[in-house]
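Report on one structure; see the data block that follows.
Side chains are part of it too, since the values below use all heavy atoms of this structure and drop only hydrogens, waters and symmetry mates.
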Amino acid sequence: MIPVRAYFDLLSDYLRPLRPRVALLGVVLFGTIGLQLINPQLIKRFIDGALAGRGTSDLVPIAVAFMLIAVGQQALAIWSTYLAEDIGWTATNRLRANLTDHVLHLDMGFHKGHSSGELIERIDGDVTSLSNFFSAMMIKVVGNGALVLGILVMLWLESWIVGLIVTIFTVIALGTMTGLHRIAVPRWRAVRATAAEAFGFVGEVVEGTEDITANGSAPYMEERFNDIHRRWLPQTIRGWMGWAWMWSTTIVLYGLSTSIVFILGSWLFGIGTLTIGSVYLVFHYVEMTRHPMEQIRSQMEDLQKAGAAIARVDELMGMTTRLRPDGDEPIQPGPLRVTFDRVTFSYADGEDDSDDETVLHGVSFDIAPGRVVGLLGRTGSGKSTIARLITRLYEPQDGRVMLDGVATWDAHIVDLRKRVGMVTQDVQLFRASVRDNLTFFNDQIGEDEILDAIHRLELDPWLASLPDGLDTLLESGSGGLSAGQAQLLAFTRIFLEDPGVVVLDEASSRLDPATEALIERAVDHLLEGRTGIVIAHRLGTVTRADDILILDDGRVVEFGERAALAANPDSRFSALLATGMEEVLA
Ligand code: ATP
Ligand code: MG
C-alpha cells in the first residue's frame, strides 16, 4: 500500500519553504494541460471547416494557431520538468542535510553498529529515490491525472454518451492494469532475490576457493550452485510471463478502446449527433489518455518504493542518541582536573546489564591539574574506554566523569572537545595534504603557526622527512605513514588545539629507535603545562608519569605516585617493572 499520510507529511514539511516555486510549477503544469486539451479542438474545427468547404483564409489561422500551441505546450512541458526537478532536489538536499546532521549527533554506539556504506546508502540512496518521488509525484501523477480528468470532461462536453462510455472504460482499464501489475511485480522481486543470492554465493565461493578445494567441498558447492539455478529458471519464466500478460492486455485494451470509439463514432455520426470533426476529436482524446495512464501506472511502483524509503528515513530520524543533552557550563582555561566518580560503564544498551558486559566497575580517581598519569593494564582491561569517556564519545551508565568539577555532559560538546585532546591507537588520516590533516581543514591556522608547533615539538626532522613538506599528499586510512609517523602527526594536531587535558593512547606496535626518540621528546613538550593521561605500552613512556594508575578487568587496583610505587616492593607497579612491562602489557 502507499502510505498517503507519510507522503503528505513529508511533502508539506519540505515543500513549505518552496511555496512560490511550487505555485509556479502548478501554474505551468496546468498551462501545459490546458494547451494539450485545446489543440484537438482546433483539429476538429479544421476538419469540419474543410468539409464545409471554407476557404484557406479561414483554415490557415487555425493551422497556425495549432502549431503555435503545440510549440508552446512543449516549451511549458520542459519548463515544468525543470521546475519539478529543481523543487525535488532542493527539498531533498535539505532532507539529506538534516539526516546527516542528525546522524552526526548520534552516539558512538550507533556509528559502530552501522557501516559507513550503509549510512551513505540510507542518507543518499533512499533520499535520491525520494527526490524522484518529489518530481514524479508532481509531474507524472498529479499532471497526468489532471490531464486524464480534463480529457474526460471534454468528452462529456462533446457528448454525454461518449463521456460515460470512455469514463467506464478508463476505470476498468486502470483497474485491470493495476491488478496485473500487482501480480507481475512480486514475481520479479522473487527473481531479483534469487539473482542476488546466486551472485552472493558465487562471490563467497570464489573468495573461498582455496579453503573449498583444500577441504574437498567443491562437489557440495556445485550442488548448491545448481540448486539455486534450478529455482532461478522457473522464476524467470514466471516473471516474463507476468510482463507478457501486462503487455498483451494493454494492447488488447487499446485495440478495444479504438474499436469502441469507431463504432460509437460511426453510430453517432449516422444519427447526426456528431460531425466528422467531433468523431476525430473523440478518437484523438482517447488516444491521448494512453500515455498518461501508462505513466500513472508505472509511477505506482515508484511510489511504493518511495514509501519504503520514507519509512527508512523516518526510522533513521527517530533514532535518538544515548548521550545526554549538552549543557553550557564553561570549562576553565589551563590544565584541568580530571575526576572519575564511581563510573560504571558498558558498551551494551541499557536493558541487559548482566555483569559480564560491564567494562568499567565503579572506577574512581582524581587527577590534579598538570599531573601526568600513566594508565597501565592488560589488554581489554578498559584503558581506551576510559579515554573515550573523558572525550565523551560515550557516557557512563552510572557515576560521573568531571573536568574541573564540571560533568562532561554539563559542558558544551564543542567546548569539551576543544579542551580535551586525544591521540588514539590508530590515527585516522584524511586523503589530503599534511597541512589539512594537521589543521582539520581549518584555514584560519597559518603556516607560521603550524611550523612553530612542529618546531616546538622538535619534529623538524619528521617534517624534513616528508617529500613535499606540509604539501605532501596523504592517503586515507593510515595515509602511507608508519604508525609512529602518524602519531607524530596527531601530536602536532593536538598541540595546535592547545587543550587542557591530553589523552594519549599509545600505539602498541614496536617503533624504530629514531621515531621512538622523536615521540618521547614530542610527548614531553606536548604534556608541558597540561594534565596528561598516558596509556603506555612502553617503559620509556611510563617513566615520564608523575602518578601510576593500574587497571585490572575494569577496576582500579593501584593508584599512586610513581616514585613511591616503584620504591615499594609490594606494589603491583614494582612487580611489573621487575617482570618487564613490555612482556606483560604489550
Ligand atoms: P588494549 O590494551 O588492547 O588497547 P584496552 O584496555 O584499551 O585494551 P578497551 O578497548 O577499553 O581495552 O576495552 C575494554 C573492553 O571493552 C574489552 O572487553 C572490549 O572487548 C570491550 N570493548 C571495547 N570497545 C568496544 C565497543 N566499541 N563495543 C563493545 N565492546 C567494546
Ligand atoms: Mg586500547
Return yes if some donor-acceptor pair links the side-chain N/O of [X] with the main-chain N/O of [Y] below 3.5 Å, else return no.
X: H525; Y: H455; value: no
X: T531; Y: G370; value: yes
X: R337; Y: M402; value: no
X: H114; Y: L119; value: no
X: N215; Y: D211; value: yes
X: N437; Y: F430; value: yes

Out of curiosity, [X] [atom1] to [Y] [atom2], how far, rounded to the nearest 0.5 Å?
X: R392; Y: D326; atom1: CZ; atom2: CG; result: 4.5 Å
X: D553; Y: L360; atom1: CG; atom2: CG; result: 10.0 Å
X: D415; Y: T408; atom1: CG; atom2: OG1; result: 12.5 Å
X: I454; Y: L463; atom1: CD1; atom2: CG; result: 4.5 Å
X: E204; Y: I212; atom1: CD; atom2: CD1; result: 8.0 Å
X: I413; Y: T391; atom1: CD1; atom2: OG1; result: 8.5 Å

Should the pair F340 and F365 be assigned to parallel (<30°), tilted (30 to 60°) or perpendicular (>60°) ring geometry? parallel
For [X], look at atom [atom1] and say whether over 12 heavy atoms of other residues, nucleotides or ligands are found less than 6.0 Å away.
X: R400; atom1: CZ; answer: no
X: R342; atom1: CZ; answer: no
X: H111; atom1: NE2; answer: yes

For T543 and R562, what are the C-alpha separation, side-chain angles and deciding distance, and is it a side chain to side chain donor-acceptor pair (under 3.5 Å)? CA-CA 8 Å; T543 46; R562 179 177 58 86; 5.9 Å; no
Between [X] and [Y], is any pair of side-chain heavy atoms under 4.5 Å apart?
X: L518; Y: E458; value: no
X: L403; Y: V338; value: yes
X: L526; Y: L504; value: yes
X: I386; Y: F345; value: no
X: Y347; Y: M108; value: no
X: E395; Y: R324; value: yes
X: V423; Y: F491; value: yes
X: I123; Y: L316; value: yes

D547 vs L549, test: side-chain contact (heavy atoms from CB on, under 4.5 Å). Steps then yes/no. CA-CA 7 Å; D547 300 315; L549 194 158; over 6 Å; no
Could you pull out the closest heavy-atom pair between [X] and [Y], with the gap in Å?
X: D404; Y: L336; answer: OD2-CD2, 3.3 Å
X: E329; Y: V406; answer: OE1-CG2, 3.8 Å
X: P396; Y: V343; answer: CB-CG1, 3.6 Å

Looking only at the side chains, is there a donor atom on one of [X] and [Y] sitting less than 3.5 Å from an acceptor on the other?
X: D366; Y: T339; result: yes
X: H412; Y: D328; result: no
X: T385; Y: Y394; result: no

Does this structure show an ion pair linking [X] with [Y], if we count only N-O contacts that are shorter than 4.0 Å?
X: D505; Y: K383; result: no
X: R417; Y: E497; result: no
X: E558; Y: R572; result: no

Stepwise side-chain contact (heavy atoms from CB on, under 4.5 Å) test for F573 and L376: CA-CA 9 Å; F573 183 56; L376 307 181; 3.9 Å; yes
Could you please spell out the steps behind the side-chain contact (heavy atoms from CB on, under 4.5 Å) verdict for R544 and V534? CA-CA 9 Å; R544 144 182 328 101; V534 182; 5.5 Å; no
Going through the distances and angles, do R435 and D471 end up as a side-chain contact (heavy atoms from CB on, under 4.5 Å)? CA-CA 6 Å; R435 181 197 317 275; D471 295 317; 2.9 Å; yes
